[in-house]
Amino acid sequence: MADDCVIVHSERGGKGKSQTLKPGVYDTSALGGDNFISSVTVPKGWTVTLYEDAEFLGRSKALTETGDVGDDFNNITSSLTVSGPQAEAIVKAGSTYKGGDGGVITIEQNDVDMDAASLLKLTQRFPPKYEEAPVLSFTMTLDQPDS
């Protein structure tokens, strides 16, 4: 098993069609299809968070071990995030992430009436492939429990 990526599989038991994913965010168009994930291969220290709906909405389920996604998420994933041990955690604006060490990160959008700007990044030269990321003004609060 590779220890530098997550692999999603179309069938239980790590079988069927698969897709290799580095740390990042993957909406429906970036995945090999909609609602096809039945199992995942997750390296130690990594997390893959499945979302029922596109754009990281709906129910979610975080997985930190290799195996089937469970009956509650079998073939319903429309978007997902991947976090590696050396990668920053991916947190949606307006949500809270609780790290494994007990710390809490809260991200809030500063001005909800402001439209997000976007950043277009060339991710592959040939054939050209671009990735769009919204740019928002936000406040991040890091709370660590007393040691």
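Atom set for the values below is all heavy atoms of this structure, side chains included, hydrogens, waters and symmetry mates excluded. FYI, the numbering just counts along the sequence from 1.
- A side-chain contact (heavy atoms from CB on, under 4.5 Å) with L63 holds for exactly one of D68, L80, T47, V40; it is V40.
- How far CZ of F56 is from OG1 of T49: 10.5 Å, rounded to the nearest 0.5 Å.
- Atom CZ in F73 sits 6.0 Å away from atom OG in S60 (nearest 0.5 Å).
- Across all non-hydrogen atoms, the minimal contact from V82 to K22 is CB-O, 3.6 Å.
- Side-chain N or O atoms of Q19 include one that pairs as donor or acceptor with a backbone N or O of A30 at under 3.5 Å.
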Going by atom type alone, with no hydrogens or angles, which donor-acceptor pairs under 3.5 Å involve a side-chain atom of residues 7-16 and a protein atom two or more places apart or on another chain?
residue: H9; atom: ND1; partner: G14; partner atom: O; Å: 3.4
residue: H9; atom: NE2; partner: T41; partner atom: OG1; Å: 2.7
residue: S10; atom: OG; partner: K17; partner atom: N; Å: 2.7
residue: S10; atom: OG; partner: K17; partner atom: O; Å: 3.4
residue: R12; atom: NH1; partner: D71; partner atom: OD1; Å: 3.3
residue: R12; atom: NH2; partner: D71; partner atom: OD1; Å: 2.8

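- Contact check for Y51 versus T81: side-chain heavy atoms found under the 4.5 Å cut-off.
- Atom CG in L57 sits 10.0 Å away from atom OG in S78 (nearest 0.5 Å).
- Note: W46 CH2 to S83 OG = 9.0 Å, rounded to the nearest 0.5 Å.
- In this structure, L50 CG and I76 CD1 are separated by 8.5 Å, a value rounded to the nearest 0.5 Å.
- With contacts defined as side-chain heavy-atom distances shorter than 4.5 Å, the pair V69/T77 does not qualify.
- A donor and an acceptor atom, one from each side chain of N75 and S38, are located under 3.5 Å apart.
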Go through it in stages, so that I can follow the logic: the residues are E55 and T28, the test is side chain to side chain contact (heavy atoms under 4.5 Å, CB included), and I'd like the CA-CA distance, side-chain angles, deciding distance and then a yes or no.
CA-CA 8 Å; E55 298 181 5; T28 305; over 6 Å; no
